[in-house]
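Worksheet: one structure, shown below.
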Amino acid sequence: MTDQKSDSTPNDGSVDSSTSSNFIRNKIAHDLKENKHGGRVHTRFPPEPNGYLHIGHAKSICLNFTVAAENSGLCNLRFDDTNPEKESQEYVDAIKDNISWLGFQWNGQVRYSSNYFEQLYGFAVQLIESGKAYVCDLSADEAREYRGTLTEAGKNSPNRDRAVAENLDLFQRMRAGEFADGACSLRAKIDMASPNMNMRDPVLYRIRHIEHHQTGTEWCIYPTYDYTHCISDAIEGITHSLCTLEFEDHRPLYDWILHNLSMESLHHASDLDKSDYDYVLPEQTEFAKLKLNYTIVGKRKLKEMVDTHVVDGWDDPRMPTLAGLRRRGFTAAAIRNFCESVGVARSESIVDLGMLEHAIRDDLDKNSPRAMCVLDPLVVVLTNVPADHLETLDMANHPKNEEMGRRSVPFTGRIVIDRSDFEEVPPPGFKRLTAGGEVRLRGAYVIKCDDVVKDDAGNVVELHCSIDLDTLGKKPEGRKVKGVIHWVSESRGVPLQVRLYDRLFNVENPESKDIEDFRDCLNENSLIRLGSCIAEPSIAEQGAATSFQFEREGYYCRDEKESREGKLVFNRTITLRDSW
RNA sequence: UGGGGUGUCGCCAAGUGGUAAGGCACAAGGUUUUGAUCCUUGCAUGCGUUGGUUCGAAUCCAGCCACCCCAGCCA
């Protein structure tokens, strides 16, 4: 196809220091060294469009795309749409959108297994002709009985030795729609006594009189995953077919199907340039799924949470879906870095959520502008400036990156600070404002609390403080003021709603078999709505960023779905690390 | 108790016969107008376990233990 040694590609092949070796990279390097596929690396990400993508899929997406890119290879996007019953165009669109958002570009057009239905049918005919497949009349229940058990061999179907001509006729009539759903199926003739259940004459085609989101009513027989996947890989010239561990037992079947088809016909059906190199069949290799503690990743349960309104939809910011993570304020880069950092191996493991949190903090710390926002306002009246005092302070958008520019922050005679930054009787080690104590207002002056105003019930309603006017941009004289707190002008600040998100579950493994209903371990505080927050005006200016570090609080992003003119809604992506 | 897999620090994970990488977490210092970031240091005489081979074993061999996957006309 193309010159493998093309040096025009930037950053190809070179593994940067943040990537580590894993068994798949090793295998590919080895295959390349042996010149196994003519030096090609071609992978694919093959989702079934029956749900939304989640963080687990991200691992597979990153693996497939990066491993191809590292070797100047290609990665296809193929919808594995062999079961129209559960699939829909809505999912197809969402999945494409998610992959692009993650920053990957698939090779050429989007593929669908259904693109190959005609070819697949032809290969099935080939298997029938060579006596490797037959039409079986057993019902699904009967087939189960005939299959045997894990420890007992199965029995041959009564139709196993049907004549080729009869099978051909029957299969053609299946396609023509002569039979009802489930009346018969096409099965591979392998071994009903195989210790591998997948090899006990697996079903290749089933009858489903149902409309397909891509092929409409053209077909009423649909090929199964096992039959379809390997052939689709072969057609697309896939070299490395990466999938998860539960398909390990399917690999012998993957290979059986390909090896029982003629090499010539497969090569002929493929996208590949027919003369360039020797045709080599694709190979499946399996890796462990990503699991995260405190989170559920099972599609069925995620759907249940959406359907029963435990969450507000597939893009609820608490969901582990890519749509949810995105709305929560996670960046694509953070997710990619996370996927790289968890590695790829064959041992099933549960990754600590802390790793994901680290990845997003790491990215946002470097890239998000700072701003001040008070979540739980307590009014501070500055007693030694005029009531209408207004001053504009100049502050850096980022403490370490001047390129991110500066901003103006209005400072007035009445400001708000966070309630938790004041304690009348401070606990040991408290560095914030106390009655009679001093504290630095971030980017502004040192103030001293002279008076604590309370209501009849004894609640603090207001603080009267005096400013040390000689402390703007310099240290106070003769004493040390340790604490620094954030603040916002009461009159010039902008009101906003903030949503604080936390993990959805309060147990490490909500998918554990010991838990009969995941609803029993939901974290009731996974969402806290704050309605009276106030932030500095820079966050609402024309062209303002959508993601900020609210200093001393955490990273927050504007919720594009619910924010509108005059009504700002921010989601907390993640708190700052807090060693206090 | 059929078959296929996996077991290396609290959590991931490199390592493929030459004397245990790295990240997260954690701990202790330092810098700091964010209790953040950043920097420095510490963190497995040990690689599921018991034997064996070897000058030498996480790596090879044998046994044992634990956990995961498979009996959809789902993927």
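Because the structure is a prediction, the values reported are computed rather than measured. Naming convention: chains lettered A, B, ... in sequence-line order (proteins, then strands); numbering from 1 in each chain.
Ring geometry for A:Phe570 against A:Phe550 counts as tilted: the plane angle lies between 30° and 60°, on a 0 to 90° scale.
Formation of a donor-acceptor pair under 3.5 Å by the A:Arg111 side chain with backbone atoms of A:Glu236 is not found in this model. Between the side chain of A:Gln284 and the backbone N or O of A:Phe247 there is at least one donor-acceptor pair closer than 3.5 Å. At least one donor-acceptor pair closer than 3.5 Å links the side chain of A:Tyr205 to the backbone N or O of A:Tyr121. Of the possible donor and acceptor atoms, none in the side chain of A:Arg25 sits under 3.5 Å from a partner among the backbone N and O of A:Phe23. A:Asn64 places a side-chain N or O within 3.5 Å of a backbone atom of A:Ser60 that can act as its donor or acceptor partner.
For B:rG48 and B:rU34, the C1' atoms lie 46 Å apart once the distance is rounded to whole Å. Across B:rU53 and B:rC61, the matching C1' atoms stand 7 Å from one another, rounded to whole Å. Rounded to the nearest Å, the gap between the P atom of B:rA14 and that of B:rG23 is 15 Å. B:rU8 and B:rA13 have their C1' atoms separated by 9 Å, with the value rounded to a whole Å.
Around the NZ atom of A:Lys27, the shell of radius 6.0 Å holds more than 12 heavy atoms that belong to other residues, nucleotides or ligands.
At a threshold of 4.0 angstrom between heavy atoms, the contacts of A:Ala345 are confined to the sugar-phosphate backbone, with no base atom among them. The residue A:Pro47 sits apart from the nucleic acid: no heavy atom pair falls under 4.0 Å. At the heavy-atom level, A:Lys400 lies under 4.0 Å from base atoms of the strands shown. The residue A:His229 sits apart from the nucleic acid: no heavy atom pair falls under 4.0 Å. Across all strands shown, A:Gly483 has no heavy atoms under 4.0 Å from either base or sugar-phosphate atoms. Heavy atoms of A:Arg370 sit under 4.0 angstrom from at least one base atom. Nucleic acid contact for A:Thr149: base, since at least one base atom lies under 4.0 Å from a heavy atom of the residue. Within the nucleic acid shown, A:Ala359 has no heavy atom closer than 4.0 Å to any nucleic acid atom. Heavy atoms of A:Val344 sit under 4.0 angstrom from primed sugar atoms or phosphate atoms, though from no base atom. Among the atoms of the strands shown, base atoms are found under 4.0 Å from some heavy atom of A:Gly443. Here A:Asp249 lies in heavy-atom contact (under 4.0 Å) with a base. Base engagement by A:Phe247 is indicated by at least one non-hydrogen atom pair under 4.0 Å involving a base atom. Across all strands, A:Asp181 comes closer than 4.0 Å to no nucleic acid atom at all (heavy-atom distances). At a threshold of 4.0 angstrom between heavy atoms, the contacts of A:Ile350 are confined to the sugar-phosphate backbone, with no base atom among them.
Distances from the side chain of A:Ser21 to the nucleotides B:rC12, B:rG15, B:rG5 place B:rG15 closest. If you check B:rU34, B:rA75, B:rG35 against the side chain of A:Glu246, the one that comes closest is B:rA75. Across B:rU34, B:rG35, B:rG15, the shortest atom-to-atom separation from the side chain of A:Asn26 is found for B:rG15. Proximity note for A:Glu348 (side chain, C-beta onward) versus B:rG3, B:rA75, B:rC68: the nearest is B:rC68. The side chain of A:Gln549 lies closest to B:rU34 when the candidates are B:rU6, B:rA25, B:rU34. Side-chain proximity of A:Leu150 to B:rC70, B:rC38, B:rU34: nearest is B:rC70. Listed candidates were B:rA36, B:rC12, B:rC70. Nearest to the side chain of A:Leu576 is B:rA36. If you check B:rA75, B:rU33, B:rU1 against the side chain of A:Arg440, the one that comes closest is B:rU33. When distances are taken from the side chain of A:Lys475 to each of B:rG5, B:rU33, B:rU16, the shortest belongs to B:rU33. Out of B:rC11, B:rA75, B:rA14, the shortest distance to the side chain of A:Asp352 is found at B:rC11.
Atom CG in A:Leu138 sits roughly 18 Å away from atom P in B:rA71 (whole-Å rounding). Nucleotide B:rA13 holds its C1' atom 16 Å from the CZ atom of A:Phe287, rounded to whole Å. Counting to the nearest Å, the P atom of B:rG5 and the CZ atom of A:Arg346 are 7 Å from each other. In this structure, CD1 of A:Ile485 is placed 12 Å from C1' of B:rU33, rounded to the nearest angstrom. Here B:rA13 presents its C1' atom at 8 Å from CE of A:Met355, a figure rounded to the nearest Å. One atom, CG of A:Asp201, and another, P of B:rG72, lie 15 Å apart when rounded to the nearest Å. The distance between atom CZ of A:Arg361 and atom P of B:rA25, rounded to the nearest whole Å, is 8 Å. One atom, OH of A:Tyr294, and another, C1' of B:rC24, lie 15 Å apart when rounded to the nearest Å.
With a glycosidic angle no more than 90° from 0, B:rG72 adopts the syn conformation. Applying the 90° cutoff around 0 to the glycosidic angle, B:rG46 is assigned syn.
For B:rA75, the base is not stacked against the aromatic ring of A:Tyr225, per a cut-off of 5.5 Å between centres and 30° between planes.
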Check residues 442-449 of chain A and write down every donor-acceptor pair under 3.5 Å in which the side-chain atom is one partner and the other belongs to a residue at least two apart or another chain.
residue, atom, partner, partner atom, Å
A:Arg442, NH1, A:Glu551, OE1, 3.3
A:Arg442, NH1, A:Glu551, OE2, 2.1
A:Tyr445, OH, A:Glu391, OE1, 3.1
A:Tyr445, OH, A:Glu391, OE2, 2.4

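Sequence neighbours left out, the pairs with a member in residues 140-150 of chain A that pass salt bridge (Lys or Arg N to Asp or Glu O under 4.0 Å) are A:Asp141-A:Arg144.
No donor-acceptor contact under 3.5 Å links the side chain of A:Asn196 to the base of B:rG4. A donor-acceptor contact under 3.5 Å is not formed by the side chain of A:Arg552 with the base of B:rU34. The base of B:rG72 is not paired with the side chain of A:Arg144 by any donor and acceptor separated by under 3.5 Å.
Scanning residues 77-88 of chain A for heavy-atom distances under 4.0 Å to RNA chain B yields A:Asp80, A:Thr82, A:Asn83, A:Lys86.
Judged by the 6.0 Å and 45° rule, A:Arg78 forms no cation-pi pair with A:Tyr112.
Contact check, A:Ser347 against B:rA13: a side-chain N or O comes under 4.0 Å of OP1 or OP2. Checking the phosphate oxygens (OP1, OP2) of B:rC74, a side-chain nitrogen or oxygen of A:Arg206 falls inside 4.0 Å. Here A:Lys513 reaches the OP1 or OP2 of B:rC69: one of its side-chain N or O atoms lies under 4.0 Å away. Dashed line: the shortest gap from a side-chain N or O of A:His358 to OP1 or OP2 of B:rC24 is under 4.0 Å. A:Arg577 has a side-chain polar atom (N or O) that falls below the 4.0 Å cut-off from OP1 or OP2 of B:rC26.
Look at A:Arg370 and A:Asp365 and you find a salt bridge, because one of the NZ, NE, NH1 or NH2 atoms lies within 4.0 Å of a carboxylate O, short of that distance.
Aromatic rings of A:Phe548 and A:Tyr555 (six-membered ring for Trp) have centroids beyond the 6.0 Å cut-off, not under it.
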